[in-house]
Each structure stands twice: as C-alpha cells, then as structure tokens.
Chemist: 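Let me begin by handing over the structure; questions about it come next.
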Amino acid sequence: MATRTIWVENFKGLHDSASPGAKPVVTNDLRNVKVTHGQVRPRGGLTKYLSISAAASGEVIGLFHYPLVSGTNKLVRMLPTALEVLNTGTSAWDVITGTALTGTTTTRPQATVMDDTLVFVNEGEDLPRKYTGSGNSANIAAGTSPYAKSVESYEGFLLLGDVSDSGAFTDVFDGHRMIRYSDDWDNDWTLCEGNEIVLVESPGRLLRMATLGRDVICYKDDALVKARWIGGKIRFSQEKMEFEGGCLAPLSVAKLTDDLQIFLGTDAVLYLVTSQSVTPISFESLYNTLPTTISLDKLKYARGMIDEEEATYYLFYDRSGLATMLHDSYVSYNWRSKEFNKGRLGKSVISAVAHKPTTTSPVDLITSSATLVYEFDEGLTDDGVAVSRYWTTNWQGLGEEGWFNGAILIFNKPTGAKARVRISLAMDLDETFSYQTFYQLQGGGAGDTKVEVFYHPPSQYGSWFNLKVEYFIDNTTAFPTEL
C-alpha cells in the first residue's frame, strides 16, 4: 500500500464549520492557543497586575486607559460607587471618587479623553464626570451638562449620547437617539442650545459612539448611523449605513485602526466597519460559538479589547450564564491575518482594556475579576487555576481505508527546559483520544532553533484520524512554544 503524507501548513486557526476531510488549515476544536503566521502557541495566564492582591471594595465594572500628553499614562478603574486610580509607586489603588457614584453591578461605563482629561459616564446613573489626573473626579461643566449614557471626543467636540436633562431619560423628546455636543464642554452647557444631532434614521436607542477618521459612527440597537461635521447651518451630515441590524454590546465596539472598527451585532456576529461598509466576519467561523449563547441574555455585557502589538481583538463573553457581568470565555480575531481563536478562563472577568504605562511601554492587557485586576496572557495559570491549551487537526481522511503510522511535528525550541506537549490520536470519528504520549521539548545543539517530535502510536487501520496536541508549560521561561 502506498504511503500518503498529509501536510498541516499555513494553519489558520478556528472555524466552526470545518468539515471532516477538509485540508487541515482550520479546525473546529482548539482552546487557549494563539495562531499567527501559520504557527500555534499557547496563551499565557491571568496574573495579578503588579502583584496587587488586595481586593476592591466592590465589583470592578470598568477599566480605563488614560493617556496623558506627558507620556506617563494612568490606569483608572470604576466600581459601582467609586472611582480609583492605580498608584504605581505604592502598588495600590487610590480613591479619586469625590461624591459617591450610584452605579450598579450591571452598569456598563464608557470613557473618552478630551483635552488631556478623562471624561466618563456610567449609563446615566450620574452626570458625566471628569478626572484631570490629580485630585478627585467632578461633574463636567459644574453639573450643567445633561445626563448621558455614551460619550465620545470628536473633532474638538465632546459628544454626549442618549441624553436626559433630569436623569429620568423620559424627559427629552427623542433623547434616546439624540446627541448633544460642545466645543466648550467644561463650561456652561446651557449656552449650547441647538447643538443637537437627532438620529432620525431609525427609532432605536443609541448605545455607543466611536470616531472613525472624519466620521463618528453611532451604534444603535437597530442601526448604524454615520455622522460628519461639515460646518455651516447644517453642521452635521447624517447617513444610515447599509446594514440590517444593530449593535448588541456597546462595550464590544473597538477601534482597530484609525479607519477600521469592530463590534458585536444583534445577531451575535462580529462585524468590521469602515466609513463605507459594514462586513460580517464571524458568521461561519463562530456560528457554533457566539450565537449559541444568545438565549442567556448576557452578550449585551460582552467586552472588547485590542492588542495592537499582535493586531488582535479579544471579545470576552459569558458562555454559561454567570452572575452580574462576569465572563468566562473569549474569542479573538487577528485583523491582519484573519485568524480566529477561542478560549476559556479559569477566573471569570468583567472588564478589559489595553494599557500602556508610558507612551513607549509595551501593551499590558488588563482585565478585572469581581474584585481584582489581572494582566491577561501573562504567566502560566489563571491565578492558580490550570489552563487547558490544545488544538486538533480536525478529522482527516486516509482515503477509503488505510493505516495511520505516525506524525512528525516541529516546534520552536523553547527558552526553558520544562516545556512539554502531549499528543494523542482519535480514529474513525470516535471523539475518544487515545495513545497519549508526552514529549519534552529539548533541542540537541546550542544553536538549534527547532525541536522535531516523532509521534508513533501503534499503527491504526481506518478511514479517519484526528490528532490532538496539548501544551504543558512548567515555568515562565519556557514561553513561547510554537508548532
């Protein structure tokens, strides 16, 4: 019988519709790995940020990256009733609330930076506030602004969306789809009469605004509307984008580049947004991952985060129906190489933000659990909980029938001596993986950059095979291990 070789090359990660027999470029079964440039490597864990183990006094419902002109940036977190800033000198969180906030454990806060000042809202529970980098937070414009549920800086204006003068959100006609704006935002908003944009293109509620080039994209629960400052008597042009749906999770919206955004639609599909188009990207790739959780009614709390260094978007979501806004799972998307991946978390998280302590610092991927702040993709475990990291080749055909005789796998040589993989085999569409074999990833010579592994289980006769590769990292110096 002739020997047949099946190559796994240019691997592209997760695709829920990967079918048996398809060339092993994608798989429908992987967890907690990252795929890029055709290589697979394990993700890191969840590690307490700056080793701070003191629990917050309430759930950490928001994390804000606050970049400053000075180049030394700040990390701010919101609790339902408090605001705190990270003190890197003392490795502690300093309270900067001022008057107590009145949020809840399901409040979804938003923030923007305007004139070197952090401006934030907490879904209209309180008036919009500012934090200047010192002292406590305070109402913007001495409390003369309207209440608002969304906020964005755009072309020198501060935009407040879904507004109410009283905080009842029933007092302003069409307030749920109205934007008020000011270029003198920290002065008297009563002087801004007429500075309003009413998004008449659809009846739905405005959830989020995000600047995209010279446009601001208004994410509503039933439409996307593009607005642009044009000056003159008209001031803003408005146009409903060609998209039959809306935004499901306001905090899923993220700016990938100056001219590209991403969000989670009301059909639980991820979409890319440019000034000209709204394009679905996960309809097939994640059809069995995100849409299957709609019935839990928790996707509205999903949080997006950008890793600009790896061109990767993370969406944290609730897969199992947890309390408040906790998330136990994530999907990721590399917007340059187009790969999807997914994972599960050993510690459930609520908030997520990419933070650079200084302008020249590497990006820290920051998440929060109920009361702690973590760095994501760092360390070995999820704060002491072991992480299952693996991928499979998906079912591959041997022709009508044949013998599976083994596999050769090539890994990048790890920097430490305690990286291991476990390889196992399933046959003929039976999901039971057998013949598990551990391999220590150690190179021969000092100049070796690759480790070749020969997997030789007892020869198996059949029509289909599926290989599973699991990663075991026993010390932090072993990263990365790539296949």
Side-chain angles (χ1 to χ4, degrees), residues 46 48-49 52-66 74-87 92-112 117-132 135-140 143 145-151 160-164 166-169 205 207-208 249-253 296-305 316-318 321-328 345 347-353 355 366-374 383:
L46 284 170
K48 293 184 183 71
Y49 195 49
I52 299 174
S53 58
S57 60
E59 291 198 6
V60 182
I61 59 174
L63 290 167
F64 308 134
H65 172 61
Y66 178 16
K74 294 182 180 292
L75 181 63
V76 177
R77 71 182 185 184
M78 182 185 287
L79 284 58
T81 61
L83 193 72
E84 299 174 345
V85 66
L86 179 62
N87 186 326
W93 291 90
D94 295 340
V95 179
I96 55 170
T97 313
T99 303
L101 299 169
T102 59
T104 71
T105 56
T106 56
T107 296
R108 296 166 295 182
Q110 299 181 28
T112 190
T117 299
L118 183 73
V119 181
F120 61 92
V121 295
N122 59 349
E123 288 202 285
E125 298 292 343
D126 298 284
L127 284 166
R129 290 200 189 182
K130 64 181 180 180
Y131 172 58
T132 62
N136 291 330
S137 72
N139 294 336
I140 68 170
S145 75
Y147 290 80
K149 295 188 178 182
S150 62
V151 63
L160 298 178
D162 191 350
V163 296
S164 168
S166 68
F169 291 93
R205 185 173 297 279
L207 300 179
R208 184 79 184 269
L251 299 186
S252 70
V253 178
L296 298 174
D297 195 31
K298 289 300 186 72
L299 284 178
K300 61 188 177 186
Y301 299 126
R303 308 283 181 116
M305 177 177 66
F316 296 91
Y317 71 100
D318 182 352
L322 301 172
T324 62
M325 297 190 292
L326 289 166
H327 311 303
D328 57 6
L345 303 170
K347 294 286 186 178
S348 297
V349 303
I350 296 175
S351 307
V353 72
H355 173 62
I366 308 299
T367 61
S368 69
S369 67
T371 58
L372 293 173
V373 174
Y374 291 102
D383 195 20

Chemist: Do Pro128 and Val121 touch side chain to side chain, with heavy atoms closer than 4.5 Å?
Modeler: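 Sidechains of Val121 and Pro128: in contact.
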Chemist: Run the side-chain hydrogen bond (donor to acceptor under 3.5 Å, both in side chains) check on Asp162 and Ser150 step by step: do they pass?
Modeler: CA-CA 7 Å; Asp162 191 350; Ser150 62; over 6 Å; no
Chemist: Test your reading of the model: is there a side-chain donor-acceptor pair from Asp383 to the backbone of Leu46, 3.5 Å cut-off?
Modeler: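 Not at all, since once roles are kept as given, no pair shorter than 3.5 Å links the two residues.
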Chemist: Sub-3.5 Å donor-acceptor pair from the side chain of Ser368 to the main-chain atoms of Ser351, do we have one?
Modeler: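 Yes, Ser368 side chain to Ser351 backbone: donor-acceptor pair under 3.5 Å.
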Chemist: Go through Leu86 and Ile52 one step at a time and tell me if the side chain to side chain contact (heavy atoms under 4.5 Å, CB included) criterion holds.
Modeler: CA-CA 10 Å; Leu86 179 62; Ile52 299 174; 3.6 Å; yes
Chemist: Using the test ring pair (Phe, Tyr, Trp, His ring centres under 6.0 Å), find all partners of His327 that sit at least two apart in sequence or belong to another chain.
Modeler: none
Chemist: Tell me whether the NZ or CZ atom of Lys149 lies within the 45° cone about the ring axis of Phe169 and under 6.0 Å from its centre.
Modeler: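 Judged by the rule (NZ or CZ under 6.0 Å from the ring centre, within 45° of its axis), Lys149 counts as positioned above Phe169.
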Chemist: Is there a donor-acceptor contact under 3.5 Å from the side chain of Glu123 to the main chain of Gly103?
Modeler: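 No: the side chain of Glu123 does not pair with the backbone of Gly103.
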Chemist: Could you point out which residue of Arg108, Arg77, Met78 forms a side-chain contact (heavy atoms from CB on, under 4.5 Å) with Ile61?
Modeler: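 Testing Ile61 for a side-chain contact (heavy atoms from CB on, under 4.5 Å) against Arg108, Arg77, Met78 leaves exactly one candidate, Met78.
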Chemist: OG1/Thr367 to NZ/Lys347 distance, rounded to the nearest 0.5 angstrom?
Modeler: 12.0 Å
Chemist: Look only at the side chain of Thr97 and the backbone of Ala100, and say whether a donor-acceptor pair between them is shorter than 3.5 Å.
Modeler: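 Between the backbone of Ala100 and the side chain of Thr97 there is no qualifying donor-acceptor contact (under 3.5 Å).
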Chemist: Donor-acceptor check, side chain of Thr105 to backbone of Thr324, threshold 3.5 angstrom: yes or no?
Modeler: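 Pair absent, no side-chain N/O of Thr105 close to backbone of Thr324.
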Chemist: Looking at Tyr66 and Tyr131, would you say the former's side chain and the latter's main chain have a donor-acceptor pair under 3.5 Å?
Modeler: yes
Chemist: Kindly determine whether Leu118 and Lys74 satisfy side chain to side chain contact (heavy atoms under 4.5 Å, CB included), including the steps that lead there.
Modeler: CA-CA 10 Å; Leu118 183 73; Lys74 294 182 180 292; over 6 Å; no
Chemist: How far apart are the C-alpha atoms of Tyr301 and Asp318, what are their side-chain angles, what is the distance that settles it, and do they pass the side-chain hydrogen bond (donor to acceptor under 3.5 Å, both in side chains) test?
Modeler: CA-CA 8 Å; Tyr301 299 126; Asp318 182 352; over 6 Å; no
Chemist: Checking Thr117 now: which residues fulfil side chain to side chain donor-acceptor pair (under 3.5 Å) with it, not counting sequence neighbours?
Modeler: none
